[in-house]
Amino acid sequence: AAASSSSSSPAVTTAEAGEVPATMKAWAYDEYGDGSVLKLSDAAPVPDIADDQVLVRVAAAALNPVDAKRRAGKFKATDSPLPTVPGYDVAGVVVKAGRQVKGLKEGDEVYGNISEKALEGPKQSGSLAEYTAVEEKLLALKPKSLGFAQAAGLPLAVETAHEGLERAGFSAGKSILILGGAGGVGSLAIQLAKHVYGASKVAATASTPKLELLKSLGADVAIDYTKENFEDLPDKYDVVFDAVGQGEKAVKVVKEGGSVVVLTGAVVPPGFRFVVTSDGSVLEKLNPYLESGKVKPLVDPKGPFAFSQVVEAFSYLETGRATGKVVISPI
Ligand code: NDP
């Protein structure tokens, strides 16, 4: 859970009654489908908060592929009921705190992934709205050196990169190949592996125009997947991190006894798959690296997209060509 720097008494709540309106602007859909199901409402209900939650006035949000897959109905068996306000990633300001909230207070600038489990009952009232309700434990204070738009692009992707590296047992001195190094998750996995974990060697794949970017993020080796098949190269790695869906090829380049983390697509032994768990303490752990600039958020240069451009932002994300994060700001 996030710790606040000031010393307000515990359980002190709320903004003045009346500061928070009953309704808000929000993007929502009431049926699954393509981008055309997304509608901008002027009068969506502002969510109530539970005792362990805060209400966040959203300043910026970001899209993840899971937002598009969820909207398409891919997870309907475990989704929350429609209508859905999409969005996992948020950065904004606390305007109200539940009775059990201890570490956050009104006015705190926070960021986080608002749904603890991405696929099992994700929040019905998401971050593509003026307000969203979030458990304190899923949030962290926003690094002061980052703007809201930059911070909004981090949570789900950096939590995924971190959890994947942890589950793979990654540690200093090990080598890693990251498939999809220029995407939201991959761009952070490169930086964490190199600058937080102390990898001996980081290799990553992308198309030709993105190779310099991979190097600037900390990759020692940038592999152009339009010119070379990584599985045909002689190098083997302690860990392969697959953010593309190339599980069958990924296992061919892992060392004996190594780990293959798969985020999407086929899983071939020894590869394994996991679904990210949101956790504010991971963001807190990484905050010093973000504060110092050792780890940098990468906001796709086509953005940030205006709040009115959410449909366009989804369709851009769904090209699968985004560089870093598709951010919506200001909200
Ligand atoms: P992005 O949309 O950010 O990824 C886009 C990037 O993928 C582009 O920069 C593109 O680079 C790159 N890319 C596409 N094809 C290839 C390829 N063949 N080889 C190398 N790079 C490629 O996605 P995310 O990083 O946010 O997510 C990646 C995947 O992981 C998604 O399927 C997502 O759903 C999944 N995911 C799963 C999670 C889990 O918990 N299991 C959590 C988070 C994400 P270029 O233009 O050069 O091709």
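The first residue in the sequence is number 1, and the count goes up from there. Read the numbers this way: they start at 1 and go in the same order the structure lists the ligands and their atoms.
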J.: Between Thr319 and Ala322, what is the shortest heavy-atom contact and its length?
T.: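 Smallest heavy-atom distance, with atoms named: OG1-N, 4.4 Å.
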J.: Quick one: look up the protein heavy atom nearest atom 2 (O) of ligand 1 and list residue, atom name and how far away it is.
T.: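 In this structure, atom 2 (O) of ligand 1 has Pro65 CG, 3.9 Å as its nearest protein heavy atom.
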J.: Would one find an N or O of Thr323, backbone or side chain, under 3.5 Å from an N or O of ligand 1?
T.: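 It does not: no N or O of Thr323 is found under 3.5 Å from an N or O of ligand 1.
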J.: Looking at every non-hydrogen atom in both residues, tell me the closest pair between Gln191 and Leu217 and how far apart they are.
T.: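 Minimum heavy-atom separation between Gln191 and Leu217: CG-O, 3.4 Å.
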J.: Check the pair Val295, Leu154 against side-chain contact (heavy atoms from CB on, under 4.5 Å), reporting the backbone distance first and the verdict last.
T.: CA-CA 10 Å; Val295 175; Leu154 286 165; 5.6 Å; no
J.: Can you list the ligand 1 atoms lying under 4.0 Å from a non-hydrogen atom of Thr264?
T.: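 Ligand 1 atoms under the 4.0 Å threshold to Thr264: 32 (O).
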J.: Is there a polar contact, in the sense of an N or O pair closer than 3.5 Å, between Val276 and ligand 1?
T.: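 The answer is yes, given that Val276 and ligand 1 share an N or O pair closer than 3.5 Å.
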J.: To the nearest 0.1 Å, how far is atom 28 (C) of ligand 1 from its closest protein heavy atom, and which atom is that?
T.: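 Closest protein heavy atom to atom 28 (C) of ligand 1: Ala243 O, 3.2 Å.
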J.: Given the rule in the side-chain contact (heavy atoms from CB on, under 4.5 Å) test, do Val158 and Leu192 qualify, once you have shown the distances and angles that lead to the verdict?
T.: CA-CA 9 Å; Val158 84; Leu192 296 193; 4.2 Å; yes
J.: Carefully, step by step, assess Phe314 and Val326 under the rule side-chain contact (heavy atoms from CB on, under 4.5 Å).
T.: CA-CA 8 Å; Phe314 264 93; Val326 176; over 6 Å; no
J.: Which one holds for Leu156 and ligand 1: side chain close, backbone close, both close, or neither close, with close meaning a heavy atom under 4.0 Å?
T.: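 Within the 4.0 Å criterion, Leu156 contacts ligand 1 through side-chain atoms alone.
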J.: Do you know which two heavy atoms are closest between Lys215 and Ala222, and how far apart they sit?
T.: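 Closest approach of Lys215 to Ala222, heavy atoms only: CE-N, 4.1 Å.
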J.: Which residue holds the protein heavy atom closest to atom 15 (N) of ligand 1, what is that atom called, and what is the gap in Å?
T.: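 Nearest protein contact, heavy atoms only, for atom 15 (N) of ligand 1 is Arg321 NH2, 3.3 Å.
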J.: Does ligand 1 have a heavy atom under 4.0 Å from the side chain of Thr160, from its backbone, from both, or from neither?
T.: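 The part of Thr160 near ligand 1 is the side chain, not the backbone.
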J.: Test of understanding: given a 4.0 Å heavy-atom threshold, classify the contact between Leu263 and ligand 1 as side chain, backbone, both, or neither.
T.: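 The answer is both.
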J.: If only side-chain N and O atoms count, and only distance matters, is there a donor-acceptor pair under 3.5 Å linking Thr132 with Ser127?
T.: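 No pair is found: no donor N or O on one side chain lies under 3.5 Å from an acceptor on the other.
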J.: Just need the protein heavy atom nearest to atom 8 (C) of ligand 1, so name the residue and atom and give the distance.
T.: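 The closest one turns out to be Ala322 O, 3.0 Å.
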J.: Could you tell me which atoms of ligand 1, counted from 1 in the order shown, lie closer than 4.0 angstrom to a heavy atom of Gly180?
T.: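 Once the distances to Gly180 are compared, the set is 20 (C), 21 (N).
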J.: I'd like to know if Glu19 pairs up with Arg57 as an ion pair, taking the criterion as any Lys NZ or Arg NE/NH1/NH2 lying under 4.0 Å from an Asp or Glu carboxylate oxygen.
T.: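 No, Glu19 and Arg57 are not salt-bridged.
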J.: Would you sort out whether Asp108 and Lys105 count as a salt bridge (Lys or Arg N to Asp or Glu O under 4.0 Å), showing the intermediate values?
T.: CA-CA 6 Å; Asp108 283 343; Lys105 59 177 190 328; 2.9 Å; yes
J.: Considering the heavy atoms of Ala182, write down every atom of ligand 1 situated less than 4.0 Å from one of them.
T.: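 Counting from 1, the qualifying ligand atoms are 9 (O).
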J.: For atom 4 (O) of ligand 1, which protein heavy atom lies nearest, and how many Å away is it?
T.: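 Checking every protein heavy atom, the shortest distance to atom 4 (O) of ligand 1 gives Gly183 CA, 3.7 Å.
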J.: If only side-chain N and O atoms count, and only distance matters, is there a donor-acceptor pair under 3.5 Å linking Thr277 with Lys117?
T.: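 The criterion, which ignores hydrogens and geometry beyond distance, is satisfied for Thr277 and Lys117.
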J.: Using heavy atoms and a 4.0 Å limit, tell me yes or no: is Ala118 in contact with ligand 1?
T.: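 In this structure, Ala118 fails to qualify as a contact of ligand 1 - no heavy atom is under 4.0 Å.
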J.: Would you check, one step at a time, whether the test salt bridge (Lys or Arg N to Asp or Glu O under 4.0 Å) holds for Glu256 with Lys236?
T.: CA-CA 9 Å; Glu256 186 78 35; Lys236 303 276 184 271; over 6 Å; no
J.: Mind checking whether Gly184 has an N or O less than 3.5 Å away from an N or O of ligand 1?
T.: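 Yes, there is a polar N/O contact under 3.5 Å.
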J.: Taking non-hydrogen atoms only, is Lys325 closer than 4.0 angstrom to ligand 1 via side chain, backbone, both or neither?
T.: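 Answer for Lys325: neither.
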J.: Taking only heavy atoms of Lys69 into account, list the atoms of ligand 1 that are under 4.0 Å away from them.
T.: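 So the atoms of ligand 1 that pass are 31 (C), 32 (O), 33 (C), 34 (O).
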J.: Report yes or no: does a heavy atom of Val275 sit under 4.0 Å from some atom of ligand 1?
T.: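 The answer is yes: ligand 1 sits under 4.0 Å from a heavy atom of Val275.
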J.: With a 4.0 Å cut-off on heavy atoms, does Gln246 reach ligand 1?
T.: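 Yes.
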J.: Starting from atom 25 (O) of ligand 1, locate the nearest protein heavy atom and write down its residue, its atom name and how far away it is, to 0.1 Å.
T.: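 Checking every protein heavy atom, the shortest distance to atom 25 (O) of ligand 1 gives Val185 N, 2.9 Å.
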J.: Using the six-membered ring wherever Trp is involved, compare the ring planes of Trp27 and Phe307 and label them parallel, tilted or perpendicular (cut-offs 30° and 60°).
T.: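 Rings of Trp27 and Phe307: perpendicular, as their planes differ by over 60°.
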J.: Between Arg273 and ligand 1, find which residue part has any heavy-atom pair under 4.0 Å and reply side chain, backbone, both or neither.
T.: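 For Arg273, no heavy atom sits under 4.0 Å from ligand 1.
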J.: Any N/O of Leu317 closer than 3.5 Å to an N/O of ligand 1?
T.: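 So ligand 1 has no N or O lying under 3.5 Å from an N or O of Leu317.
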J.: Of all the heavy atoms in Thr205, does at least one lie under 4.0 Å from an atom in ligand 1?
T.: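 Yes, Thr205 has heavy atoms under 4.0 Å from ligand 1.
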J.: Considering only the protein, which heavy-atom contact is closest to atom 39 (C) of ligand 1, and what is its distance?
T.: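 In this structure, atom 39 (C) of ligand 1 has Phe274 O, 3.6 Å as its nearest protein heavy atom.
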J.: For Phe148, is the NZ or CZ atom of Lys142 found under 6.0 angstrom from the centre of its six-membered ring and inside 45 degrees of the ring axis?
T.: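 Yes, Lys142 and Phe148 form such a contact.
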J.: So which heavy atom in the protein is nearest atom 7 (O) of ligand 1, and how far is it from that ligand atom?
T.: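 I find the closest protein heavy atom is Gly320 O, 3.7 Å.
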J.: side-chain contact (heavy atoms from CB on, under 4.5 Å) between Val110 and Leu141: does it pass, once the steps are laid out?
T.: CA-CA 4 Å; Val110 294; Leu141 291 176; 4.3 Å; yes
